[in-house]
Amino acid sequence: TITIVNDTLQDGSQTLNITATAPGFTTGTRSLTVTDNDVHNFLVSNITSQVRNAPFNVSFTARDVNNATISSYAGTPALTALDGSTALTISPASVGSFSAGVRTVAVTVGSFASNAVLTITDAAAGASGSSNAFVVGAGAHAKFAWSTVPSPQLAGTPFPATITAQDSLGNIVTSFSGTASLLGLNALADTQIGAGTSTSTKPLDTSYDGARSQIILLPSEIGGAKTLTGIALNVTTIPGLSLTRFGIRLKHTSTSSYSGSVSFDNTGLTTVYASAGESISATGWRNFQFDTPFAYDGTQNLLVDIVFDNASTSTVGNVQSTTVSPSRHLYGANMKSWGYGDPWNWSYANNFTTTLSPNIKLLSGTAVAVSPSTTGPFTNGVWTGNITAPTTTTAFRLQASTGAISSLSNAFNVNPPYTLGLSIPASALESTGGVSGTVTLSAAQGAAVTVNLSSSDTTEATPAVAS
């Protein structure tokens, strides 16, 4: 028996001779190579320019002093990132589960950087490795973000608004210097589809860390062409945790029902709502007001795709549902450890069909002109200016568009403009002196209002200041 010495030297592979001798026999000699299992450094795969908060794959290879791969490496080295001397936000914080000396993981850098460098370090072994320098910036222009418009505003009275050009992950696209067309959307009556009283965990099944539903709605249920601005689900049980990477996508479809083994439809989906973390804290109808409006054509079926991608599990959420036959609800719910990947991209992921479809309200609006109809040029990806809503309405939303990109503001009410009423005697003698009058406001105000009175002929009457 030959005992291999498991030392801690970072000395690479070593070749030695083993010699066998015995009286009366010629000597037997064989060489033996002892490969090193002591990691000396890590090789990091080449990294091109990346988008802040967008995951990208990086491969790490554990190597000995001679840069040979250590196939038995089983450490969990730390992962950090720097831009010069500035620490960057990075996920994951460590890399484990090496296989044959190599591990490929999805890395996310949460900071902008001009010269980002990843470093992987096994402190116990005194081994490390660094990537090439790469840029972390914004992606392509994908949407506009509106500043919150307070409610109410007054019809005919300008109010300030800020619009920011962003990529799909919410990073400011500072290179955008174009303009955006502006419209208003008056809310129409909600369209409710489904009135059943059953409950279903789909699409809020947080007992799994990833879930996805695709639900088909028919033209007869939707009721004609309209601009969709949101949907609502009737929550009967609050899910036990927030929904990470929650999204709603829509598309027109020729599919009218599901049967048998069915894959998710991943072509032509329009992301109308996306949230890094969606918290549902109350039962009842929960509105999801779209970031991007969807022009439903009134003749085709509508596919509603709802998805989330959590890092952990909890108790399930439930929504009120209606039994529909044949099935028009396809769903998948899985654990990350099962290997199906990102729920947003699932094709076939342990899919099931169900005759329970969630009750849905469709929110929609009709377009009205606002002033101005077009913004001025954006500066560093941002435009700020005054906008005027023309008419009194409730749940009014603003829309900014350029090319295929269109995004909505929050909903707010538009009230009638405030008016002042003035009551004074129709006539008065010159010797009367002071004449009292009454000023009335058309609506109560949250703060004191100072009213200034003026006279067309101050040689005849000089008003005082009323309060």
Side-chain angles (χ1 to χ4, degrees), residues 141-149 151-153 155 161 163-166 168 179-194 214-233 247-254 265 268-275 285-306 358-375 387-414:
H141 181 206
K143 61 182 180 179
F144 292 110
W146 287 82
S147 60
T148 300
V149 180
S151 182
Q153 297 295 328
I163 308 172
T164 305
Q166 296 183 345
S168 61
T179 61
S181 299
L182 300 178
L183 277 176
L185 287 173
N186 278 332
L188 299 174
D190 298 344
T191 301
Q192 182 171 334
I193 300 172
Q214 290 194 334
I215 303 139
I216 297 171
L217 306 180
L218 305 179
S220 58
E221 298 172 317
I222 300 171
K226 57 187 67 177
T227 299
L228 300 178
T229 61
I231 70 168
L233 299 173
I248 301 171
R249 296 177 287 185
L250 302 180
K251 66 169 289 184
H252 294 102
T253 182
S254 59
D265 186 346
L269 293 168
T270 297
T271 301
V272 293
Y273 186 87
S275 172
W285 286 102
R286 169 61 186 270
N287 287 356
F288 300 94
Q289 293 186 342
F290 293 166
D291 308 308
T292 300
F294 186 87
Y296 174 65
D297 67 6
T299 60
Q300 299 184 73
N301 302 324
L302 180 68
L303 186 148
V304 180
D305 182 286
I306 303 175
N359 298 346
I360 289 177
K361 284 183 179 179
L362 294 177
L363 286 58
S364 60
T366 182
V368 296
V370 296
S371 178
S373 60
T374 305
T375 68
I387 298 176
T388 303
T391 57
T392 301
T393 188
T394 58
F396 189 70
R397 302 184 73 179
L398 298 169
Q399 177 178 323
S401 304
T402 182
I405 298 170
S406 185
S407 301
L408 297 171
S409 73
N410 62 292
F412 59 97
N413 296 336
V414 182

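Between T299 and P219, the closest heavy-atom pair is O-CG, 3.2 Å. In terms of heavy atoms, W146 sits closest to I387 at CZ3-CD1, 3.6 Å. The heavy-atom pair separating Q300 from Y296 by the smallest distance is O-OH, 2.5 Å. The two residues A155 and V414 come nearest to each other via the heavy atoms N-CG1, 3.5 Å. Of all non-hydrogen atoms in S364 and A189, the two that sit nearest each other are OG-O, 4.4 Å. Across all non-hydrogen atoms, the minimal contact from I163 to A400 is CD1-CB, 4.2 Å.
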Please tabulate, one pair per line, all N/O donor-acceptor pairs under 3.5 Å involving side-chain atoms of residues 286-295, not counting sequence neighbours.
from: R286; atom 1: NH1; to: S279; atom 2: O; distance (Å): 3.0
from: R286; atom 1: NH2; to: E278; atom 2: OE2; distance (Å): 2.3
from: D291; atom 1: OD2; to: A274; atom 2: N; distance (Å): 3.2
from: T292; atom 1: OG1; to: S406; atom 2: O; distance (Å): 3.2

Donor-acceptor pairs are to be reported for all side-chain atoms of residues 225-232 against protein atoms at under 3.5 Å, with residues two or more places apart or in another chain.
from: K226; atom 1: NZ; to: T191; atom 2: OG1; distance (Å): 3.1
from: K226; atom 1: NZ; to: I222; atom 2: O; distance (Å): 2.8
from: T229; atom 1: OG1; to: L363; atom 2: O; distance (Å): 3.4

### Task
Give the C-alpha distance, both sets of side-chain angles, the deciding distance and a yes or no for side-chain contact (heavy atoms from CB on, under 4.5 Å) between L398 and L182.
CA-CA 7 Å; L398 298 169; L182 300 178; over 6 Å; no
### Task
Step by step, work out the side-chain contact (heavy atoms from CB on, under 4.5 Å) result for L250 and V304.
CA-CA 5 Å; L250 302 180; V304 180; 3.7 Å; yes
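Remark: the backbone N or O of A145 is not paired with any side-chain donor or acceptor of S407 at under 3.5 angstrom. Using modelled atom types, no side-chain atom of H252 and backbone atom of S254 make a donor-acceptor pair closer than 3.5 Å.
Rounding to the nearest 0.5 Å gives a distance of 11.0 Å between CD1 of I405 and NZ of K143. Residue T393 holds its OG1 atom at 8.0 Å from CG of N413, rounded to the nearest 0.5 Å. Atom-to-atom distance recorded for I306:CD1 and Q214:CD is 10.0 Å, nearest 0.5 angstrom. One distance of note links CD1 of I360 with CG of D190; it measures 12.5 Å at 0.5 Å rounding. Here the CG atom belonging to L269 is positioned 6.5 Å from the CG atom belonging to L303, to the nearest 0.5 angstrom.
Take T391 and apply the side-chain contact (heavy atoms from CB on, under 4.5 Å) test, not counting sequence neighbours, and it matches N186. For K361, the salt bridge (charged side-chain N to carboxylate O under 4.0 Å, His left out) test picks out no residue, with sequence neighbours left out. Every side-chain contact (heavy atoms from CB on, under 4.5 Å) that Q153 has, sequence neighbours left out, goes to V149, P150, F159, F412. Residues forming a side-chain contact (heavy atoms from CB on, under 4.5 Å) with T179 (at least two apart in sequence, or on another chain): T374, T375, P377. When the side-chain contact (heavy atoms from CB on, under 4.5 Å) test is applied to E221, the partners found at least two apart in sequence or on another chain are I193, L217, L218, R328. The side-chain hydrogen bond (donor to acceptor under 3.5 Å, both in side chains) test applied to N301 returns no partner, not counting sequence neighbours. The side-chain hydrogen bond (donor to acceptor under 3.5 Å, both in side chains) search around Q192 returns none, not counting sequence neighbours. Partners of R397 by salt bridge (charged side-chain N to carboxylate O under 4.0 Å, His left out), not counting sequence neighbours: none found.
Put simply, the side chain of S409 does not reach to within 4.5 Å of the side chain of F396, judged on heavy atoms.
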